[in-house]
Amino acid sequence: AGAKEETFNVLDLAEYTKSRPWWRKVFGPSSGSSAEKYNVATQLLIGGVTGWCTGFVFQKVGKLAATAVGGGFFLLQIANHTGYIKVDWNLVQRDMNKAKQQLKFHSSGNKMPPEVKSRVDEVIIFLKKNVILTGGFAGGFLLGMAS
């Protein structure tokens, strides 16, 4: 009988992945807001899950940091009390006064450097474009901190 010849196109995956980075597949080709790409439920789910994970990690790291700082102060107090270290309180007071003066000087102008202002503007624009995602993240973050 008549055998049909079928032709197949061969796709070289190595070449394909070189021309298309993984982040384009994950995040899509457009760099618009998430409201343009995903529906409300998806945005809330993505924001909530990432927020919960972030809050959970912050909680664990925060406890570890608080334990380390508190333990460090405790050990320093023991070392001071037993005489292993001696604190020059006059030097501490002088440095604290100098730091207070610098804080008063810098806070009197109320001007942000242009680099910081541009970053703050970028964050505000992102938050305005992705309100639902941001709300989901905030809720998830609070749940993660509470768990």
Side-chain angles (χ1 to χ4, degrees), residues 6-81 84-147:
E6 293 185 40
T7 59
F8 295 101
N9 289 333
V10 177
L11 177 63
D12 185 10
L13 289 178
E15 289 300 317
Y16 181 75
T17 55
K18 285 180 187 174
S19 64
R20 301 221 175 212
W22 64 270
W23 60 85
R24 263 199 210 130
K25 185 175 181 182
V26 172
F27 297 115
S30 69
S31 60
S33 70
S34 61
E36 297 169 359
K37 292 186 257 184
Y38 303 109
N39 63 18
V40 173
T42 305
Q43 290 179 58
L44 282 174
L45 182 68
I46 291 171
V49 169
T50 56
W52 184 87
C53 291
T54 305
F56 188 76
V57 168
F58 263 64
Q59 177 202 29
K60 296 299 180 187
V61 170
K63 283 182 181 179
L64 180 67
T67 303
V69 169
F73 282 137
F74 182 70
L75 289 176
L76 283 174
Q77 281 292 11
I78 289 175
N80 183 31
H81 183 70
Y84 283 106
I85 60 172
K86 198 74 171 154
V87 178
D88 186 1
W89 291 110
N90 292 329
L91 181 62
V92 170
Q93 186 67 31
R94 190 181 72 215
D95 288 344
M96 290 297 292
N97 288 335
K98 189 188 300 183
K100 285 180 189 176
Q101 291 299 323
Q102 287 179 350
L103 283 174
K104 286 180 186 176
F105 176 74
H106 288 300
S107 64
S108 63
N110 281 340
K111 280 192 165 186
M112 280 193 289
E115 314 81 46
V116 174
K117 186 163 175 43
S118 67
R119 293 291 178 191
V120 168
D121 291 341
E122 286 179 25
V123 169
I124 289 172
I125 289 169
F126 175 81
L127 293 177
K128 285 181 180 177
K129 282 185 177 180
N130 301 294
V131 172
I132 297 170
L133 183 75
T134 305
F137 181 85
F141 183 81
L142 292 176
L143 286 174
M145 289 290 286
S147 61

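Numbers for residues simply follow the sequence, beginning at 1.
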If every non-hydrogen atom of [X] is compared with every non-hydrogen atom of [Y], which pair is closest and at what distance?
X	Y	answer
Ser147	Phe56	OG-CD1, 3.8 Å
Leu91	Arg94	CD1-NH2, 2.8 Å
Phe126	Leu133	CZ-CD2, 4.4 Å

Please report the interatomic distance [atom1]([X]) to [atom2]([Y]), rounded to the nearest 0.5 Å.
X	Y	atom1	atom2	answer
Ile132	Ile46	CD1	CD1	12.0 Å
Leu75	Gln77	CG	CD	10.5 Å
Ile125	Lys128	CD1	NZ	7.5 Å
Ile85	Ile78	CD1	CD1	11.0 Å
Phe141	Gln59	CZ	CD	10.0 Å
Gln93	Asp88	CD	CG	11.5 Å

